[in-house]
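Worksheet: one structure, shown below.
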Amino acid sequence: MIKFDATKGLLKEEIGSYQEDVTRVHKMITEKSGKGNDFLGWQSWPLDFDKEEFARILALSKKLEGKGDTVLVCGIGGSYLGARAAVEMIQGLYPENKREIIFAGNTFSSTYMKQVLNYIKDKDVILNVISKSGTTTETALAFRILKEFMEEKYGKEECKTRIIATTDKARGTLKELADEEGYETFVIPDDIGGRYSVITPVGLVPMALMGVDIEKVMEGLVASYNDMQCDDLSKNTAYQYAVARRILQNQGYDVEMFVSYEPQLTMLGEWWKQLMGESEGKDGLGILPDSANFSTDLHSLGQFIQEGKKVLFETVLTVENPSLDVIIPMDEKNGDQLNYLAGKNLDWVNKMALEGTMAAHVETGNVPNIVIGIEDMKEYTFGYMCYWFFIATAATCYLLDINPFNQPGVEVYKKNMFKLLGKPGF
Ligand code: PA5
């Protein structure tokens with residue numbers, strides 16, 4: 001399902017020479033014995049996810065059919081990026097949807113908040129607040145404001161069907177508040193951390209509300225789980241990717257640019273950045289994850305990649321079949337001199353841009369390129385790819401002896417901010 005090609009990776013070590021390390025790491029993942037193993041719940045989730053709760057998500061989306069033209073998701077980090085990446089990848093940026101999805105709770109920007117409030121004033125809103133801890137300040141503060149908006153617009157009783165909370169099973173202020181107000185709640189499992197949670201109700205509820213076929217997402221997830229049981233480095237492409245990253249960092253590359261050629265994959269790049277960056281960037285180690293969308297960013301970052309300091313390698317996500325395509329029309333006058341492309345598909349042009357760029361970056365620019373290939377941007381592929389990236393992330397961190405599942409560094413800014421805000425106890 002996922003192709004991996006390191007032939008343009010300019011690797012100075014053989015991927016296969018890491019087999020012993022990978023076998024060790026594979027055990028740490030599949031036997032849930034590695035560092036941070038209390039957060040390895042995602043590993044067996046494709047098999048042991050809560051089927052009753054999954055059915056409840058499907059029932060919710062059915063119940064709300066015909067209600068709500070706007071799904072407002074309130075969350076940040078792992079409680080935001082995955083859902084957005086999924087919906088944009090699967091439906092594109094301007095889908096012919098009955099509903100649109102917008103996001104809040106991921107910033108303190110007052111202008112953004114006020115514009116969201118103005119924007120949804122005359123919309124028919126369904127609000128999904130997502131927070132595992134229930135105490136994340138960005139999300140909690142936005143939810144306080146949105147809850148007031150919803151209650152004024154619809155009244156408390158109607159809010160019971162319009163507000164959905166995804167949070168911890170039993171603990172936390174959001175859980176208490178949701179129970180008190182009578183909102184339907186969905187659970188973020190204890191043993192799955194935020195950036196690995198898109199395959200739980202965190203991602204599945206917004207996806208389902210947007211009409212994404214979440215059964216297909218789970219089918220892809222299960223298929224990926226099955227394929228990832230194999231520790232053979234010549235077969236397991238996720239492990240090949242994990243090892244290639246380590247080899248490239250050994251060669252001195254400290255930045256990885258995740259590149260796609262589809263604007264609807266931009267948020268996938270943001271999701272990937274959190275997954276890699278928060279998992280690996282600790283103990284003074286890790287590769288800085290960066291992302292770009294080509295050919296757009298070739299007109300901004302292209303110069304640096306081609307001729308700037310040799311700090312980065314590119315990981316290019318290719319898509320075999322675009323969701324849609326356009327035939328380039330013939331123009332009698334040919335004033336723009338583009339008739340040499342008439343009759344061709346626009347996706348073909350995109351693919352030629354990819355090939356030409358890769359050759360320029362690798363052969364002329366000496367920038368390593370590794371390629372991850374997916375078939376399409378549909379539900380099954382999304383599910384498959386999520387699990388694939390989780391395995392690759394865990395493995396690449398374990399190869400560095402890093403705990404992929406904690407994020408102690410994130411607390412530092414919060415402490416400083418709480419002190420400045422006058423939060424009791426800080
Ligand atoms: O990956 C993580 O754990 C974080 O990005 C969290 O998802 C993020 O901080 C939001 O936390 P919470 O869901 O508790 O509001």
Side-chain angles (χ1 to χ4, degrees), residues 35-43 45 72-86 103-109 113 127-147 163-178 183 185-207 267-282 286 289 291 386-387 389-390 392-394 396-397 402-418 423:
K35 278 188 178 170
N37 57 352
D38 44 344
F39 281 98
L40 263 160
W42 58 268
Q43 190 277 333
W45 182 253
L72 175 53
V73 174
C74 184
I76 194 168
S79 292
Y80 152 65
L81 288 162
R84 185 159 179 189
F103 297 88
N106 54 3
T107 172
F108 288 123
S109 163
M113 187 75 240
L127 173 58
N128 182 197
V129 55
I130 310 174
S131 178
K132 186 172 180 179
S133 61
T135 55
T136 301
T137 317
E138 287 89 338
T139 304
L141 204 48
F143 183 59
R144 173 185 279 224
I145 296 165
L146 293 169
K147 181 172 179 286
I163 301 182
I164 303 137
T166 309
T167 187
D168 186 85
K169 165 163 90 262
R171 290 184 306 264
T173 44
L174 180 57
K175 175 66 184 158
E176 276 164 36
L177 195 146
Y183 306 148
T185 59
F186 292 93
V187 174
I188 307 178
D190 281 344
D191 55 358
I192 302 184
R195 57 192 175 274
Y196 296 79
S197 70
V198 61
I199 55 177
T200 74
V202 170
L204 297 176
V205 172
M207 282 187 232
M267 285 309 297
L268 186 79
E270 297 301 311
W271 171 82
W272 170 88
K273 279 198 292 209
Q274 188 204 3
L275 183 64
M276 281 297 177
E278 225 172 48
S279 298
E280 190 184 51
K282 57 197 70 152
S291 65
C386 281
Y387 197 82
F389 273 120
F390 291 162
T393 305
T396 208
C397 291
I402 279 177
N403 176 351
F405 309 118
N406 63 359
Q407 54 283 329
V410 182
E411 296 312 309
V412 186
Y413 98 88
K414 291 185 190 168
K415 277 194 191 138
N416 289 345
M417 180 182 73
F418 290 151
K423 184 173 176 170

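Whatever order the structure lists ligands and atoms in, that order sets their numbers, starting from 1. The figures that follow rest on heavy atoms only: side chains count, while hydrogens, waters and symmetry mates do not. Everything quoted here is computed from the prediction, not taken from an experiment.
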### Query
Can you list, by chain and residue number, every protein residue with a non-hydrogen atom closer than 4.0 Å to ligand 1?
Ile76, Gly77, Gly78, Ser79, Ser131, Lys132, Ser133, Thr136, Gly194, Arg195, Gln274, Glu278, Gln407
### Query
Within the side chain of Lys175, is there an N or O that forms a donor-acceptor pair under 3.5 Å with the backbone of Gly134?
no
### Message
Give me each pair satisfying salt bridge (charged side-chain N to carboxylate O under 4.0 Å, His left out) with a member in residues 403-414, each pair once, sequence neighbours excluded.
### Response
Glu411-Lys414
### Option from Leu127, Leu141, Asn128 for which side chain to side chain contact (heavy atoms under 4.5 Å, CB included) with Cys74 holds
Leu127
### Task
Taking side chain to side chain donor-acceptor pair (under 3.5 Å) as the test, write out the residues that go with Trp272, two or more places apart.
Tyr241
#### Entry: Side-chain donor or acceptor of Lys35 paired with backbone N/O of Cys397 under 3.5 Å
no
### Query
Which residues satisfy the side chain to side chain donor-acceptor pair (under 3.5 Å) test with Ser279, sequence neighbours excluded?
Arg195, Tyr196
